[in-house]
Amino acid sequence: MRFINFVLSFCLFCYLPLAQAKKKSILEMPSSESRVQYMDELLVKANELKLADDIQWLNLVHYKSNFWGGYKSQVDGVVFFMSAEGKIDPHKELEATINGLFSTAPNKITEQEPRCQFPARYLWLKKILQIDEPRLPYLKCEKYGKFVDQLSAESVTLVFSSYFLNSPSSAFGHTLLRINSSKAVSEDGKHHELLDHGVNYGAEITTSNPIVYAFSGLLGTFRGTFINIPYYYKVREYNDFEARDLWSYDLELTPEEIQLLVAHIWELGSTYYDYFYFTENCSYHMFSILEAAAPRLQLTDLLPYYVIPSDTVRRLMTVPGLVTRVSYRPSIRTQFEHRLKQLNSNEYQIFADFIHKKDETKLSGLPDPTQARILDAALDYIEYQYAEDLLKEKSTEVKSWKQAVMAQRAALGITSPELEISQPDLQRPEMGHGIRRVTFGLGGESGLGSFGEIGFRFAMTDMLDTGPGYLQGGTVEFLAGNIRYWSSPSHFEIDDLTLLRLFSLSPLTEFRRNISFKIEAGAKRITDNNCNRCIAGNLEGGPGASISLSGDDDVLAFGIADFQIAYAPGFISYPIRMGAGPLLGILYRVTDDFKASASLGYRYHLFSTYKETLESRIEGRYGFDKYWAINLSFASHNIYSEVSLSGMYYW
Amino acid sequence: MKKRLLMTFVFSLLASCIAMAADYGTAGCGLGALAFKDQPGKIQIVGSIFNNLISPQTFAITSATSNCVDESSTASSKFISVNRVALQKDISRGSGESLASLSQILKCSDSAKLGRSLQMNYGHIFPTDTTPATEIDKSIQTTIKSDETLAKYCRSIG
């Protein structure tokens with residue numbers, strides 16, 4: 001009876017008509033002899049069809065061809081391979097997988113039979129070899145069945161979590177997949193995203209030592225794993241806790257591809273990869289699993305050697321018809337700002353008093369709907385500003401304050417209308433310029449003559465880069481450099497080698513106490529008279545503040561306490577110097593395509609012969625499109641002034 | 001210490017999307033994990049609510065779906081424990097996404113009605129700022145049961 005149930009429940013995948021399948025399976029219980037025969041039959045067929053070289057097989061086991069024409073799987077967990085040589089041999093792995101279909105012995109680690117552990121491989125083989133399931137041993141695959149049921153996948157969405165400069169690890173953004181569940185759709189057809197599932201790929205951090213951490217990530221000694229988690233965890237984490245907007249890209253996949261994707265995610269759940277920061281990271285692997293399910297997409301083919309999250313969304317858009325809808329999920333900060341804008345100036349003042357002085361006296365005199373709007377704004381404000389406090393288990397001052405405000409809000413008995421926030425097109429991450437940039441420039445310095453210049457940036461953006469897709473007032477640059485060629489006397493000179501440059505301007509408002517900051521690490525040419533144009537190892541930056549001088553943050557003025565530690569054997573008095581002083585400036589977004597900045601920096605240096613340095617800079621950039629821009633800059637240092645004009649190409 | 005902090009900052013920037021995953025990967029599941037014990041700048045929010053829900057991870061994919069929340073608790077209670085901050089706010093407003101999702105979990109066909117009813121009973125459902133999720137869950141269920149018209153709309157209650 002159980003057997004019939006089994007056949008019935010898997011009937012969706014049967015190729016034989018139901019009645020016939022039932023009859024056949026009952027009458028001809030597969031004997032071990034006929035199984036061996038059938039196994040051989042399948043192996044021969046697989047060989048004839050050259051399945052081991054099939055792109056889908058290669059994708060499912062994550063094989064990549066190497067320089068010598070051989071293959072190696074990117075997966076590093078041993079349990080992922082049926083054959084002992086599976087990691088480097090697609091043929092042996094296929095053979096072992098087909099053998100495994102006939103096995104009823106569970107794997108010791110995963111506690112699952114091969115067919116249940118590798119449902120995607122099985123689904124694919126079943127289709128392509130037209131496997132007659134009743135001729136395989138009966139398996140229930142309970143855990144996998146439960147997983148499939150839990151997901152009830154209907155469609156798939158790639159989610160991009162926007163940049164968040166205040167937390168370093170999220171400065172490049174993040175990507176994950178959302179598996180949209182039929183269980184999340186209510187009777188009226190409304191889809192409740194919170195009830196979907198998120199599939200996340202990330203490293204298991206095993207150290208708190210920053211140096212070990214850095215090298216582990218570059219050398220790939222952390223383990224990267226796939227995790228499936230209710231999507232609401234991700235929303236609470238990104239949208240609420242970190243106040244990051246989420247962008248969703250609905251993908252056009254066939255039901256068969258979705259089924260295969262879910263099965264493949266299950267396969268990867270029991271294994272791990274070695275995690276490499278820039279090559280095999282979350283962005284790359286979101287693509288690698290999509291490709292395993294749908295090789296037609298060829299998503300990783302055109303990817304550059306290293307990828308970051310924003311590359312993935314741009315790449316998605318280049319596959320015709322793949323993205324059916326782009327949607328936006330505002331963060332708690334965006335929600336708060338939207339509610340604040342809905343208040344008139346009188347209400348705004350009452351709101352401010354309520355927040356700052358906890359003064360409720362003026363509130364009680366207002367009509368109920370107005371009170372509701374003010375209290376709604378207050379609640380979002382508290383959640384945004386005190387996200388950490390609110391997650392504490394014990395009672396805190398903030399928690400009890402919010403508790404009281406909510407009770408007050410509930411007592412009004414008014415239902416808040418749905419918040420309608422339109423999609424901010426200027427922030428759409430897939431519309432932004434490429435993160436890689438090459439610069440060609442010409443310029444001159446007073447007293448030194450003219451130079452030609454070539455520069456490269458590995459990633460990602462600086463605050464003068466124009467166009468949509470990035471935060472206004474945000475610089476995140478990783479590995480960038482600039483070399484100059486001087487004509488007389490003819491020589492090359494390194495101008496700048498940046499390991500990392502972060503500059504974040506988050507304007508202060510009455511309700512936002514964000515700090516702005518700058519951090520820069522690398523090596524650069526010293527432009528004051530403490531050495532003869534030497535290159536110095538350099539660490540500089542500090543905290544500061546900025547304010548917005550116009551609506552929509554088009555004009556930002558900033559001040560930074562700018563510290564510097566520089567090392568160069570060529571410094572005339574002492575090889576190390578330490579300095580500090582103010583850096584003041586203004587950033588102006590004139591149009592979406594034209595940005596300009598001006599800054600003035602003064603520092604006083606210890607351990608230095610010439611104690612004071614002064615540097616001023618004016619720069620303007622015009623972006624023709626998302627690929628090309630032109631940049632003009634004037635800079636004046638203690639002893640030199642320079643001007644340079646350059647063309648920039650992004651990809 | 002300062003130096004260490006700075007180093008952490010600089011190096012973790014290299015990580016691209018790495019740390020996000022770590023939130024769940026090592027510390028287990030739940031928002032409690034958002035606070036790393038040894039990560040500066042983030043306070044410890046180790047909610048025991050979350051910690052006692054983690055069972056041994058033998059199998060990442062299954063564990064992530066089932067381990068994050070105690071399997072024995074009800075679907076609504078699991079949802080409440082993680083979405084509590086947003087849900088409580090929604091109930092005080094009588095509407096919102098988290099409330100609509102709870103309505104779906106409870107198989108209520110009219111989330112607006114549910115919202116109004118829960119809003120009316122707000123004080124009963126959230127008596128203190130530390131009421132445990134299971135208690136909140138129970139109070140929500142009794143609220144629905146005691147509202148005759150509403151009980152008819154919610155198929156999971158009965």
Side-chain angles (χ1 to χ4, degrees), chain A residues 110 143 147 150 168-172 174-175 186-187 192 194-195 200-205 208 210 213-214 217 225-229 232-233 236-237 240-241 265-266 269-270 277-278 281-283 308-309 376 379 383 388 390-393 395 399-400 403 406-407 409-410 413 415-416 500 521, chain B residues 4 7-26 29-31 34 38 42-43 45 47-49 58-62 64-65 68 79 82-83 85-86 88-89 91-98 100-101 104-105 109 112 115-116 119-120 122-123 126 129-130:
Chain A
T110 64
K143 284 183 186 168
F147 175 75
Q150 222 161 11
S169 52
S170 38
F172 291 102
H174 179 58
T175 44
S186 52
E187 284 169 20
H192 302 277
L194 290 182
L195 305 181
N200 195 75
Y201 176 77
E204 292 177 3
I205 311 294
S208 60
Y213 177 97
T225 49
F226 279 93
I227 285 190
N228 170 46
I229 195 157
Y232 53 68
Y233 277 95
R236 303 280 84 108
E237 179 185 358
D240 299 356
F241 187 77
I265 291 165
W266 173 259
S270 57
Y277 287 149
F278 280 97
N281 55 23
C282 65
S283 304
I308 66 165
D376 281 351
L379 289 172
E383 253 176 54
E388 294 178 345
L390 293 174
L391 283 182
K392 279 182 188 161
E393 199 190 346
S395 183
K399 276 180 83 173
S400 47
Q403 177 83 1
M406 284 188 288
R409 172 66 190 85
T415 304
S416 304
L500 176 74
Chain B
R4 191 187 165 92
M7 293 287 276
T8 310
F9 190 87
V10 169
F11 283 119
S12 59
L13 194 100
L14 303 176
S16 189
C17 37
I18 197 169
M20 259 65 56
D23 293 349
Y24 302 120
T26 45
C29 298
L31 297 179
L34 288 177
D38 43 19
K42 285 191 180 177
I43 54 146
I45 328 159
S48 63
I49 331 167
T58 48
F59 200 45
I61 287 281
T62 29
T65 36
C68 284
F79 181 82
V82 180
N83 294 278
V85 171
Q88 188 174 354
K89 182 178 67 176
I91 290 175
S92 81
R93 287 171 174 169
S95 67
E97 190 194 22
S98 302
S101 299
Q104 167 75 3
I105 291 171
S109 57
R116 278 193 297 275
Q119 187 189 37
M120 251 185 326
Y122 175 86
F126 299 104
D129 58 5
T130 52

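To find a chain, count down the sequence lines: A is the first, B the second, and so on, and within it residues start at 1.
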_So which atom in B:S98 and which in A:R236 form the shortest heavy-atom distance, rounded to 0.1 Å?_
OG-NH1, 3.3 Å

*Taking all heavy atoms of B:S101 and all of A:L195, pick out the closest pair and write down the distance.*
O-CD1, 3.7 Å

*Taking atom CD1 of B:I105 and atom NE2 of A:H192, what is their separation to the nearest 0.5 Å?*
9.5 Å

*Which atom pair, heavy atoms only, marks the closest approach of A:S395 to B:T130?*
N-CG2, 3.7 Å

*Option that, when pairs with chain A are counted at under 4.5 Å, heavy atom only, ranks first among B:G115, B:G96, B:A100, B:G123*: B:A100

_Going by side chain to side chain donor-acceptor pair (under 3.5 Å), name the residues that satisfy it together with B:S95, two or more places apart in sequence or in a different chain._
none

*Identify, with sequence neighbours excluded, every residue that meets side chain to side chain contact (heavy atoms under 4.5 Å, CB included) alongside A:Q403.*
A:M406, B:Q88, B:Y122, B:F126, B:D129

_Looking at A:T415, is its backbone amide N or carbonyl O close enough to the side chain of B:R116 to form a donor-acceptor pair, meaning the two atoms are under 3.5 Å apart?_
no

*Heavy-atom pair of closest approach, residues B:Q104 and A:S186*: OE1-CB, 2.8 Å

*asked:* Can you tell me which portion of A:D376 sits under 4.5 Å from chain B's heavy atoms? Options are side chain, backbone, both or neither.
replied: both

_Quick check: closest heavy atoms across A:E187 and B:S109, and the distance to 0.1 Å?_
OE1-CB, 3.5 Å

_Once rounded to the nearest 0.5 Å, what's the spacing between atom CG of A:L194 and atom CD of B:E97?_
4.0 Å

_Measuring from atom OG of A:S416 to atom NZ of B:K89, what distance do you get when rounded to the nearest 0.5 angstrom?_
10.0 Å

